[in-house]
Amino acid sequence: MAANNRRMSGKKGAQVGSGGKRRRGLEGKGPTPPAEMRKGHAKQRAAAAKARRAQGRTPQRRGAGRSTSELVVGRNPVVEALREGVPASTLYVQQFIDNDERVREALQLAAERGGINLMEAPRPELDRMTNGLNHQGLVLQVPPYEYAHPEDLLDAAAEEGEDPLVVALDGVTDPRNLGAVVRSVSAFGGHGVVVPERRSAGMTAGAWKTSAGTAARTPVARATNLTRTLEAYKKAGLTVVGLAADGEVELGDLEALRGPVAIVVGSEGKGLSRLVGETCDFRVRIPMPGGAESLNAGVAAGIVLYEAARRRS
């Protein structure tokens with residue numbers, strides 16, 4: 001009882017206390033850092049991009065991988081690929097080939113572009129390279145495409161001081177559709193295209209040709225898991241918009257297109273996969289008074305990108 005009285009009295013001596021924990025708890029963690037210092041914040045990305053510009057450096061790609069090399073086979077396909085600016089490392093020409101107009105044009109285009117090796121090879125060697133395809137004496141080797149990382153597209157937007165505008169493809173397997181989307185993204189001021197590693201079209205010679213040369217300045221990123229990539233985009237402040245024929249929101253009513261956005265386009269037949277559809281913030285439909293059931297990926301992406309560009313202008 002005496003001990004209790006001592007604790008309750010104002011006299012000096014041993015006291016039961018918090019050990020300073022309460023005082024330290026009241027001190028807090030200091031002021032909230034500015035947005036430019038918060039990791040993952042849009043302003044932090046913009047500040048980092050500005051610093052890189054000041055140092056004359058471009059963002060380094062994060063090793064998203066490369067495709068395999070590809071062969072374009074036949075006189076007309078080779079000439080068309082060279083005309084459209086498809087990257088090429090080597091033009092193989094058959095020994096003693098009939099020197100017609102297409103062969104002459106292929107040789108001239110390769111020489112004008114520079115950086116393309118010209119190799120003469122016997123017919124059996126070209127037969128072996130092409131697994132017996134009808135190469136007609138001309139074979140063009142397309143080097144592996146180096147994919148960007150999905151985060152590189154956000155960095156590119158930050159470098160330009162713009163809200164990200166990205167298109168992701170879910171289950172689109174036709175390279176021509178990929179090329180058409182790349183072309184639309186370039187035309188309407190987008191910052192790149194994301195494709196999954198599996199069950200998706202890649203940047204083949206066909207995609208390059210359909211892009212009409214815009215693939216040289218519009219990056220294509222490859223995602224190991226598209227759903228996780230979209231979730232990461234949402235954490236970075238983007239609104240994820242999926243296109244669906246039965247979408248709850250009509251395109252004209254979607255205000256989110258004014259800000260940072262990732263537009264997800266599914267395949268023409270199956271549309272969005274279940275997990276990707278559940279990840280979207282909005283499922284949007286394009287009004288089609290003509291009665292068509294669906295649009296291919298390239299056309300659908302072009303319509304939405306135009307609407308986004310119109311609202312941002």
Side-chain angles (χ1 to χ4, degrees), residues 61 63-92 102 106 109-110 113 115-117 119 126-136 138-150 152-153 166-187 190-224 226 229 264-270 296-302 305:
R61 295 192 173 185
R66 294 186 177 190
S67 60
T68 57
S69 59
E70 182 185 0
L71 297 178
V72 179
V73 176
R75 297 187 184 187
N76 283 337
V78 166
V79 170
E80 290 173 6
L82 289 169
R83 283 177 182 167
E84 295 295 339
V86 174
S89 55
T90 306
L91 174 61
Y92 294 92
R102 293 169 298 174
L109 289 169
R113 281 177 51 176
I116 300 177
N117 298 316
M119 300 287 291
L126 296 183
D127 290 342
R128 184 194 64 77
M129 286 175 56
T130 61
N131 291 322
L133 294 176
N134 184 20
H135 51 74
Q136 300 174 305
L138 286 183
V139 177
L140 186 68
Q141 186 171 41
V142 178
Y145 180 80
E146 186 170 348
Y147 290 93
H149 188 281
D152 292 342
L153 310 188
V166 175
V167 175
L169 301 184
D170 178 27
V172 175
T173 56
D174 188 340
R176 292 170 297 182
N177 268 331
L178 172 56
V181 171
V182 170
R183 188 173 184 177
S184 293
V185 168
S186 177
H191 300 101
V193 181
V194 181
V195 297
E197 281 188 0
R198 299 181 182 178
R199 296 182 292 278
S200 174
M203 282 305 297
T204 64
W208 271 95
K209 284 168 59 179
T210 310
S211 78
T214 58
R217 57 181 181 272
T218 302
V220 176
R222 193 160 60 178
T224 305
L226 184 59
T229 295
V264 190
V265 184
S267 65
E268 186 174 352
K270 297 180 180 178
N296 71 32
V299 173
L305 285 164

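If you're wondering where the values come from, they're calculated on a predicted model, not measured in any experiment.
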Exercise for the section: Give the minimum heavy-atom separation between P150 and T229, together with the two atoms involved. Expected result: CB-CG2, 3.7 Å
Exercise for the section: Look at atom CZ of R176 and say whether more than 12 heavy atoms of other residues, nucleotides or ligands are closer to it than 6.0 Å. Expected result: no
Problem - Euclidean distance, R83 CZ relative to N76 CG, rounded to 0.5 Å - result: 8.0 Å
Practice task
Find out whether P144 and S69 are in side-chain contact, i.e. whether some heavy atom of one side chain is under 4.5 Å from a heavy atom of the other.
Solution key: yes
Problem - Y92 side-chain N/O to M129 backbone N/O, donor-acceptor pair under 3.5 Å - result: no
Handout entry: Chi angles and distances behind the side chain to side chain contact (heavy atoms under 4.5 Å, CB included) call for D127, H135
Key = CA-CA 8 Å; D127 290 342; H135 51 74; 2.7 Å; yes
Exercise for the section: May I ask you to test the V265-V181 pair for a side-chain heavy-atom distance under 4.5 Å? Expected result: no
Practice task
Grab the two heavy atoms, one from Q136 and one from R75, that are nearest each other, plus how far apart they are.
Solution key: O-NE, 2.7 Å
Exercise for the section: Taking the side chain as every heavy atom from C-beta outward, state whether V185 and L305 have any pair of such atoms under 4.5 Å apart. Expected result: yes
If you look only at distance, which donor and acceptor atoms sit under 3.5 Å apart when one is on a side chain in residues 201-213 and the other is two or more places apart or in another chain?
| unit_1 | atom_1 | unit_2 | atom_2 | d |
| --- | --- | --- | --- | --- |
| T204 | OG1 | G206 | N | 3.4 |
| T204 | OG1 | A207 | N | 3.4 |
| K209 | NZ | E80 | OE1 | 3.2 |
| T210 | OG1 | G206 | O | 2.9 |
| S211 | OG | W208 | O | 2.7 |
| S211 | OG | A215 | N | 3.4 |

Exercise for the section: State whether the number of non-hydrogen atoms from other residues, nucleotides or ligands found under 6.0 Å of R183 atom CZ is greater than 12. Expected result: no
Problem - More than 12 heavy atoms from other groups under 6.0 Å of CZ on R113 - result: yes
Problem - Gap separating the CG atom of L140 from the CD atom of E70, nearest 0.5 angstrom - result: 9.5 Å
Problem - Spacing of L178 atom CG and S200 atom OG [to the nearest 0.5 Å] - result: 7.0 Å
Practice task
Drop me the distance from K270's NZ to D170's CG, to the nearest 0.5 angstrom.
Solution key: 10.5 Å
Problem - Minimum-distance pair of heavy atoms, taken over all atoms of I116 and L82 - result: CD1-CD2, 3.9 Å
Exercise for the section: Starting at CG of D174, measure out to CG of L169 and round the result to the nearest 0.5 Å. Expected result: 11.0 Å
Practice task
Kindly compute the distance separating CG (N117) from CD (Q141), expressed to the nearest 0.5 Å.
Solution key: 9.0 Å
Practice task
Would you indicate whether the side-chain heavy atoms of L226 and E197 approach each other to under 4.5 Å?
Solution key: no
Problem - Heavy-atom pair with the smallest gap, counting every atom of A106 and L138 - result: CB-CD1, 3.9 Å
